[in-house]
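Proteins get letters first, then strands, A, B, ... in listed order; numbering begins at 1 in each.
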There are 4 protein chains.
Amino acid sequence: MSSSTPAPRRGNTRQRIQDVALELFAEQGYEKTSLREIAERLEVTKAALYYHFKTKEDILISLAEDLTRPLDELLEWGATQPRTLETKQEIMRRYGDALAGAAPLFRFMQENQATVRELRFGKDMKERMMAMVELVKEPEAELADQVRAVAALFSMHAGMFLLQNLDGSAEEKRAAVLEVALDLITQANSSKS
Amino acid sequence: MSSSTPAPRRGNTRQRIQDVALELFAEQGYEKTSLREIAERLEVTKAALYYHFKTKEDILISLAEDLTRPLDELLEWGATQPRTLETKQEIMRRYGDALAGAAPLFRFMQENQATVRELRFGKDMKERMMAMVELVKEPEAELADQVRAVAALFSMHAGMFLLQNLDGSAEEKRAAVLEVALDLITQANSSKS
Amino acid sequence: MSSSTPAPRRGNTRQRIQDVALELFAEQGYEKTSLREIAERLEVTKAALYYHFKTKEDILISLAEDLTRPLDELLEWGATQPRTLETKQEIMRRYGDALAGAAPLFRFMQENQATVRELRFGKDMKERMMAMVELVKEPEAELADQVRAVAALFSMHAGMFLLQNLDGSAEEKRAAVLEVALDLITQANSSKS
Amino acid sequence: MSSSTPAPRRGNTRQRIQDVALELFAEQGYEKTSLREIAERLEVTKAALYYHFKTKEDILISLAEDLTRPLDELLEWGATQPRTLETKQEIMRRYGDALAGAAPLFRFMQENQATVRELRFGKDMKERMMAMVELVKEPEAELADQVRAVAALFSMHAGMFLLQNLDGSAEEKRAAVLEVALDLITQANSSKS
DNA sequence: AATGAATGAGTTTTCATTCAT
DNA sequence: TATGAATGAAAACTCATTCAT
């Protein structure tokens, strides 16, 4: 009603909870992070968290949705495109963007699979990955090419945490990762089966 | 067949604890698995666990060591070999064997990274991976080729859990994964830098 | 009389915990008293104790502070007074009052020295006693007179628990103890060194 | 049968247990000292302790007896002597010797009263002290003189732990303590009632 | 004279969650 | 939009003790 950027400490608590929770979950894992810790860091009481989220798991789910949404959008978009090599490459590019845009979240999901798996969309997670693979491989690809498609996707994940230790600028690295991934996709799609 | 007494309870309890623990940790994650659960499944008391392991974490560590050992042996072996393409390929092959030999353990480590990271050899885990990368890439490889080396290794991990859903026999799949990995290594080492 | 609900459970829980804890600690010792016991006697859950005190030790510390405070006040007061015999006698009198005012606490501290010693102010306890001794003896007193000062203080402690068995009214006994203590102080300060 | 000093590591385990136990009990208190700790320091197993003592408490009792014995002997001896001032002074001297001879034990008993009290001879402990008081005071002494007798005894205890911080050689200090104690006894016995 | 393996009962502590205000 | 006070359930861990060998 008044200004477009609302008062800094008003109504944004829900968001702040998510931010802090993600930070702590990512740092120490979901189970090792207690609501007390989150509340303390926010300087509110635990009970306040319950005003905004029904359970601890709900916080996690709300976070996970932020991650799944762009992924699902990408899957939807991909489904409507022609199954050309160009489309596949574009999908990989967009996948890379999605990853980069939600890096900590992605990292967290990867490092807490055991937890996330139970989360009623953990199965989904795997299914989503399989759906991605479907989108970027040839329908009747032979095994090795399927593996290449999988490898392309996972290389991008791996890029997120192992490549930190390599030298080169972040952009250079992203570019290199993408290059390799696109390469793999190209190979996977060029067999004369 | 021979004895009739309920359970011989020989000197194998320590081993049995490790087995059950691995099974449960892998299934539900480390933090969600309580010592009570482990003890119950073994039909001993919690206190018995503490006779064999000083803490819960100690159980995990003892398991992790079973995983790290073959990896370290491979790293040592690799360090003594000539840095030829053949060696690198052999390293990948052996890496695949190590992975297959300790599959549940590996899977567990991957799905519980957040937990394992704290474990004083979590850092090491990353370092070990970096050391592996060093072994299979060219000393002065350009970024894309470094990424290829990383991708080769991670593809093998990915193989362990995403490929379950693909069809084909286990051996076929292992072979396909290896093929792609070797391919990547070969490419990574064939740049005319 | 007024309300009919089981227990008003107002904002006095913290205080009630301290009361019950002191009672039980004094009766059975700190280590032998479990939080379960305290909680049961208060008809709250163990967790409620943890709402008010971060650890069991914290309860003990909070109690100990109630004892140390008057003592420290006395030490401060003593430090500002002229070092006359009258002052010293007044210090002893006040010391006696402090003792009487916190008798169960004092008794507890005395009977649980082994525990209290670790408590980061256990050393302090001894130091405090030494500071008291400093206040009531001559600066350059010879050994025997120093001992007399010590004896004066300790007689007052002894008075608290051994004299229970003697006959005579409580006041008579307190008076007798004080008489002896003042006597000792007087002697300790009358040597023509 | 063979030599008078038996083989150093033969049959003396019981004694060694007592030594270590006393040391640890004195340092950390009885309850805080676990049998595991004692066993570890002796480099035997917990079960070995049970070969020599039926329970943990038994170890404590065996220690306590070492303390009570000289005290009881002194009480007996005192009972057979004429009730003169000289006797009383001699009792104090002997009491001082007993204290010095079993210093750590005495210290321990003092710092763990809460525990020792339950020990079926804890009551006894107090009774013993009262018996000592009886021996060194006049039968019909007035209250102040009774207090003086008590103070004399307790000064000797106090001497054991507070005087550590005073300077002067150990002998000098013992002598000073004894002087004060004898003084108090003399005063206590010189009233013209 | 001692050990290896285990137990039962307990301990302190932590956590997610609730609810009246 | 929150808080203060509490709970129930469970966790990890410890301890004294036992007993077959």
Side-chain angles (χ1 to χ4, degrees), chain A residues 9-14 17 31-39 42-59, chain B residues 7-14 17 31-39 42-59, chain C residues 7-14 17 31-39 42-59, chain D residues 9-14 17 31-39 42-59:
Chain A
R9 277 283 145 107
R10 263 270 139 143
N12 61 342
T13 304
R14 196 187 146 94
I17 292 173
E31 341 263 352
K32 280 227 204 90
T33 303
S34 71
L35 293 185
R36 181 178 50 66
E37 240 176 317
I38 299 178
L42 284 167
E43 295 182 290
V44 296
T45 57
K46 270 181 294 168
L49 304 183
Y50 278 90
Y51 180 80
H52 294 282
F53 294 93
K54 257 183 48 159
T55 68
K56 184 187 180 187
E57 211 179 280
D58 267 20
I59 302 181
Chain B
R9 235 188 244 126
R10 298 245 284 301
N12 61 338
T13 305
R14 199 190 142 93
I17 292 172
E31 341 263 354
K32 281 232 205 79
T33 304
S34 73
L35 295 184
R36 182 181 48 71
E37 241 175 318
I38 300 178
L42 284 168
E43 294 184 291
V44 296
T45 56
K46 271 175 291 164
L49 305 185
Y50 280 92
Y51 179 76
H52 293 282
F53 295 92
K54 258 180 47 163
T55 66
K56 185 187 178 187
E57 210 180 279
D58 266 22
I59 302 183
Chain C
R9 236 187 242 127
R10 296 247 283 302
N12 59 338
T13 306
R14 198 188 144 94
I17 293 172
E31 342 262 353
K32 281 232 205 80
T33 303
S34 72
L35 294 183
R36 183 181 48 70
E37 241 177 317
I38 299 178
L42 284 167
E43 293 183 293
V44 295
T45 57
K46 274 175 290 164
L49 305 184
Y50 279 91
Y51 179 77
H52 293 282
F53 295 92
K54 259 180 48 161
T55 66
K56 185 186 178 188
E57 212 180 278
D58 266 24
I59 302 182
Chain D
R9 277 280 146 112
R10 264 272 135 143
N12 62 341
T13 303
R14 197 189 143 90
I17 292 172
E31 341 262 353
K32 279 229 204 90
T33 303
S34 71
L35 293 185
R36 181 177 51 67
E37 240 176 318
I38 298 177
L42 284 168
E43 295 182 290
V44 296
T45 57
K46 269 180 294 168
L49 304 183
Y50 279 88
Y51 181 80
H52 295 281
F53 294 92
K54 257 183 49 159
T55 68
K56 184 187 179 188
E57 210 179 281
D58 268 21
I59 302 181

message = Quick check for you: to the nearest 0.5 Å, what is the distance between S34(A) atom OG and K46(A) atom NZ?
response = 8.0 Å
ask   = Whole Å only: how far is the NZ atom of K32(A) from the P atom of dA11(F)?
value = 17 Å
Residue met sooner reading DNA chain E from 5', once E37(C) and T33(A) are mapped to nucleotides = E37(C)
ask   = Should we say atom NZ of K32(B) is surrounded by more than 12 heavy atoms from elsewhere, each under 6.0 Å from it?
value = yes
request  = Please state how far atom CD1 in I17(C) lies from atom P in dA6(F), giving the value in whole angstrom units.
outcome  = 8 Å
task = Report the distance from atom CG of L35(D) to atom OG1 of T45(D), rounding to the nearest 0.5 Å.
result = 11.0 Å
note = Within residues 46-56 of chain A, those residues having any heavy atom closer than 4.0 Å to DNA chain F are K46(A), A47(A), A48(A), Y51(A), H52(A)
Spacing between N12(A) atom CG and dA2(F) atom P, to the nearest angstrom = 9 Å
query = When the distance from CD1 of I59(A) to P of dA16(E) is rounded to whole Å, what number comes out?
reply = 9 Å
note = Whole-Å distance, E43(D) CD to dT3(E) C1', equals 15 Å
message = For a quick test of reading the model: is some side-chain N or O of T45(D) closer than 4.0 Å to OP1 or OP2 of dG4(E)?
response = no
remark   = note: I38(A), atom CD1; dT17(E), atom C1'; distance rounded to Å ~ 14 Å
request  = Would you indicate, yes or no, if dT12(E) has its OP1 or OP2 atom less than 4.0 angstrom from a side-chain nitrogen or oxygen of R36(C)?
outcome  = no
ask   = How many Å lie between CD on E31(A) and C1' on dA11(F), as a whole number?
value = 13 Å
Partners passing salt bridge (charged side-chain N to carboxylate O under 4.0 Å, His left out) against R36(A) (at least two apart in sequence or in another chain) = E40(A)
ask   = Heavy atoms, side chains only, cut-off 4.5 Å: are L42(C) and L49(C) in contact?
value = yes
request  = In whole angstrom, give the distance that lies between atom CG of L35(A) and atom C1' of dG4(F).
outcome  = 17 Å
query = Rounded to the nearest 0.5 Å, how far apart are NE2 of H52(D) and CG of D58(D)?
reply = 13.5 Å
request  = For residues I17(B) and F53(B), report the shortest heavy-atom separation together with the two atoms involved.
outcome  = CG2-CE1, 3.7 Å
Phosphate OP1/OP2 of dA6(E): any T13(B) side-chain N/O under 4.0 Å = yes
message = Can you list every stem that DNA chain F is part of, counting only runs of 3 or more consecutive Watson-Crick or G-U wobble pairs with both distances under 3.5 Å?
response = E:2-21 with F:2-21
